[in-house]
Amino acid sequence: MEKRLRLAPSPTGLFHIGTARTALFNWLYAQKIQGKFLIRIEDTDFLRSKSEYTKNILEGLTWLGLNWDEEPVKQSDRILTHKKFIKKLLESGAAYRCFTTEDEISELREEQKKKGLPPKHDNRHRNLSKDEIEKFISQGRTSVIRFKIDEKEQIKWLDQVRGEITWQGKDLGGDLVLSRRAIGYEIGEPLYNLAVVVDDNFMKITHVIRGEDHISNTAKQILLYQALDFKLPTFSHTPLILNSEGKKLSKRDCVTSIDEFRDMGYLPEALANYMAFLGWSPKSAESEILSLDEISKIFDLSDINKAGAKFSWEKLNWINSQYIKNMESVKLSEIIKEYWDNMSWEPPSQEWAIKLTNLIKDSMTLLKDAIDQSKPFFLLPSIHEEGKDFLKNEVSKLSLKLILNYLIKQDALKLNKEKAKEIINDISKNHNIKKAILMKSLRVAFFGSLSGPDLIQSWELFSESKSDISRIKRCLP
Ligand code: GLU
């Protein structure tokens, strides 16, 4: 039988890291078992769902490399089918009309609160006669459809992550509401639990992997599967993503949407790699830097942790820096070029851009670090205090003079690394100046300070952009 998994996001907000991680686990497992990964957009909350959020979610999935099979299903297109199944449950007696008003429900809640009990409907309209129903309708009362839940029922399933789970029917909040309020004998808009079961069955989903906040829904849904005589999928509940204080990661933790991670300069491969380890600990993995294909080969639901997964910026940053470091410089230079373009910085040649990328990539954590790291190669930095102090020394000034003369004598010399080293060696030998002094003086001229990237490689770049001579000259009287 074909194995089919799905992500069922509600488009009521931007693509959130929690949803992205659920998508990733579904995708990885689908690859592992050679199944299909499908999308269902759960857009039946008409007030909060927006098409721009659907677009954002699909674009985010694509950016992360989580491609899906088949055209995404839109839940709102299937409302008539959902209603058809509600009708079936009504007709079989598994569900009934409940006319409890909002005020009556509030009253019930108040009483329960006073007694310290959790909210639970008292199923008061379970056994209304036809006449009683007729009477309520003629009074203009609206009704929801409720699915009967047997208080004594024990719902059990073998969760692929958490092992056997048992839920008591009495702990499910009373009979389950399947649809919103409607007038007369109408059936109102179908609600989440009913729609999910009908759609998962329609999409022939064999494995449901979703967040642990859905565990009690699973218990309710299993009862619906049974009442509708649908084949049960397997269920897996993944741990929540927590902030550093151990609370559920939320908007208050600054960054939660996938867009924001992209804009901050994370590479999609790095973010996906990091997310895979958020709540998953493989028995054997040689490294934590693994591509999605590599992860999918060793991924197993039994290696998903039960405990919440703490989000760590430190680890994400480390993984991102590893991806930047290991990326082919040609490819990375193309990505970095967009950042330079935004600053209106024009590299003199493609070769120069690749060399600069190569020079700075080891000190980058985020892509946007390319701006700070490459700034002194495009803009002339001012001389900082420590640089000024260093140049007060006569030997430093002499060093720059000698280097400048050498360069001028060579007439528009385009340096390579070997030539640069030769110049330093020659001057050091002929004038008895320490190489370290020569290089530090040059560093101040180029970068305005005593720190910066490899000097010889930098010199090669400054030479090609024809700014080495002018940078030295500005330090001399
Ligand atoms: N729309 C639900 C959510 O976003 C889907 C839950 C499920 O996977 O069934 O939480």
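All ligand and atom numbering here is 1-based and tracks the order in the structure.
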Can the ring centres of Phe299 and Phe25 be said to be less than 6.0 Å apart? yes
Nearest heavy-atom pair of Thr357 and Ser333: which atoms, and what distance? OG1-CB, 3.2 Å
For Arg109, the salt bridge (Lys or Arg N to Asp or Glu O under 4.0 Å) test, sequence neighbours excluded, returns none
Mind telling me whether His237 and Phe235 have parallel, tilted or perpendicular rings, with 30° and 60° as the class edges? parallel
Give me each pair satisfying side-chain hydrogen bond (donor to acceptor under 3.5 Å, both in side chains) with a member in residues 262-272, each pair once, sequence neighbours excluded. Tyr266-Asn317
So which protein residues pack against ligand 1 under 4.0 Å, heavy atoms counted? Arg6, Ala8, Ser10, Glu42, Tyr192, Arg210, His214
For Glu134, give me all partners under side-chain hydrogen bond (donor to acceptor under 3.5 Å, both in side chains), at least two apart in sequence or on another chain. Tyr185
